[in-house]
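Have a look at the structure below before the remarks.
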Amino acid sequence: IAENKQGKQAIFHIDNPSQPISQWWDDITIFGLVAGESDYYIAKNQNNQYAIFHKDNPNEPITQWWRSISSEGIIEGKSKYYIAVNQKGEQAIFHIDNPHQPASQWWKNIDEYNGLIKNQSKYYIAEDRDDLKAIFHINNPDEPISQWWVHIYSDGLVNNQSEYYIA
């Protein structure tokens, strides 16, 4: 990633150091493509919004523009999922093949370090506005498979270690 005199950043490849492979953006994350983790990268536009791009199509984002996007999941090459944050600060899980329809409900927080996002299982932990957490299966984003608890550990069910979990 190089930065020009205007403070814009672009990604370059060693085979063509004078021609960027990306557009010039206000910010580009070092995760994903630059870190050698995947063919994807996150760029920030002039409106302080973020989108995911594929290295072979730098002119068209593969996601919508969001307040924030987690570098976990597809960016790090772990799964086809990513977490986006809307203007209200709520989080939802999206699949790379369906960037206009969330695969989960919008939540206060979604655990980005375990489960579905890391391709460990089909489960994820979501937190509601009351700071309670529950486990969801990707095929049923409307009904938790657990009760709502103050804390749920990702060990066991969510990390695909067993069929048990601790709350």
Side-chain angles (χ1 to χ4, degrees), residues 1 11 27-45 47-57 60-167:
I1 299 175
I11 300 173
D27 187 39
I28 297 177
T29 62
I30 61 169
F31 306 107
L33 181 63
V34 176
E37 299 169 320
S38 72
D39 291 337
Y40 301 94
Y41 59 95
I42 300 172
K44 180 174 107 175
N45 67 16
N47 298 323
N48 289 323
Q49 295 181 319
Y50 296 84
I52 297 175
F53 288 81
H54 189 275
K55 70 177 179 119
D56 294 335
N57 191 2
E60 186 71 32
I62 60 169
T63 66
Q64 296 181 65
W65 288 96
W66 296 104
R67 175 177 164 184
S68 181
I69 296 178
S70 171
S71 60
E72 305 295 326
I74 190 154
I75 297 298
E76 66 175 7
K78 296 289 184 189
S79 74
K80 297 286 186 182
Y81 294 94
Y82 61 95
I83 296 174
V85 180
N86 67 19
Q87 294 306 318
K88 297 177 187 176
E90 301 166 322
Q91 299 181 0
I93 297 172
F94 288 82
H95 190 279
I96 202 67
D97 293 336
N98 194 2
H100 300 290
Q101 179 65 40
S104 72
Q105 296 293 325
W106 289 97
W107 297 104
K108 177 181 177 183
N109 188 51
I110 296 174
D111 182 358
E112 65 184 331
Y113 302 110
N114 299 290
L116 179 70
I117 300 299
K118 294 286 190 169
N119 202 28
Q120 296 167 327
S121 72
K122 298 290 183 186
Y123 298 97
Y124 59 94
I125 299 172
E127 181 179 343
D128 70 8
R129 287 177 177 45
D130 296 324
D131 298 328
L132 297 175
K133 297 169 182 68
I135 299 172
F136 288 83
H137 189 279
I138 191 60
N139 292 337
N140 190 357
D142 300 321
E143 281 296 319
I145 60 107
S146 71
Q147 293 181 12
W148 289 93
W149 301 100
V150 172
H151 186 75
I152 295 178
Y153 292 87
S154 58
D155 298 315
L157 180 67
V158 176
N159 285 348
N160 202 27
Q161 297 164 320
S162 75
E163 295 179 352
Y164 301 92
Y165 66 92
I166 300 171

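Rounding to the nearest 0.5 Å gives a distance of 12.5 Å between CZ of Phe94 and OH of Tyr81. The line from CD1 of Ile117 to CD1 of Ile75 is 11.5 Å long, rounded to the nearest 0.5 Å.
Here the closest heavy-atom approach between residue Ala51 and residue Gln64 is recorded as CB-O, 3.8 Å. Counting all heavy atoms, side chain and backbone alike, Ser104 lies closest to Tyr124 at CB-OH, 3.3 Å. When every heavy atom of Lys133 is checked against every heavy atom of Val150, the shortest pair comes out as NZ-O, 3.4 Å. Closest approach of Glu72 to Lys118, counting heavy atoms only: OE1-NZ, 2.5 Å. Of all the heavy atoms in Lys122 and Leu116, the pair that sits closest is CA-CD1, 4.2 Å.
When each of Thr63, Asp27, Ile52 is tested with Ile42 by the rule side chain to side chain contact (heavy atoms under 4.5 Å, CB included), just one qualifies, namely Ile52.
The side-chain heavy atoms of Val85 and Gln91, taken from C-beta on, include a pair separated by under 4.5 Å. Put simply, the side chain of Ile135 reaches to within 4.5 Å of the side chain of Val158, judged on heavy atoms. Residues Leu157 and Ser121 have side chains not in contact (no heavy-atom distance under 4.5 Å, counting atoms from C-beta outward).
Other residues, nucleotides and ligands place more than 12 heavy atoms under 6.0 Å from the CH2 atom of Trp106.
Ion pairing between Glu37 and Lys78 fails under the 4.0 Å rule for side-chain N and carboxylate O. Remark: Arg67 does not engage Glu90 in a salt bridge, criterion side-chain N to carboxylate O under 4.0 Å.
Between Trp148 and Trp107, the ring-plane angle classifies as tilted under the 30° and 60° cut-offs.
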Step by step, would you call Tyr82 with Trp66 a ring pair (Phe, Tyr, Trp, His ring centres under 6.0 Å)?
-> CA-CA 12 Å; Tyr82 61 95; Trp66 296 104; 8.2 Å; no
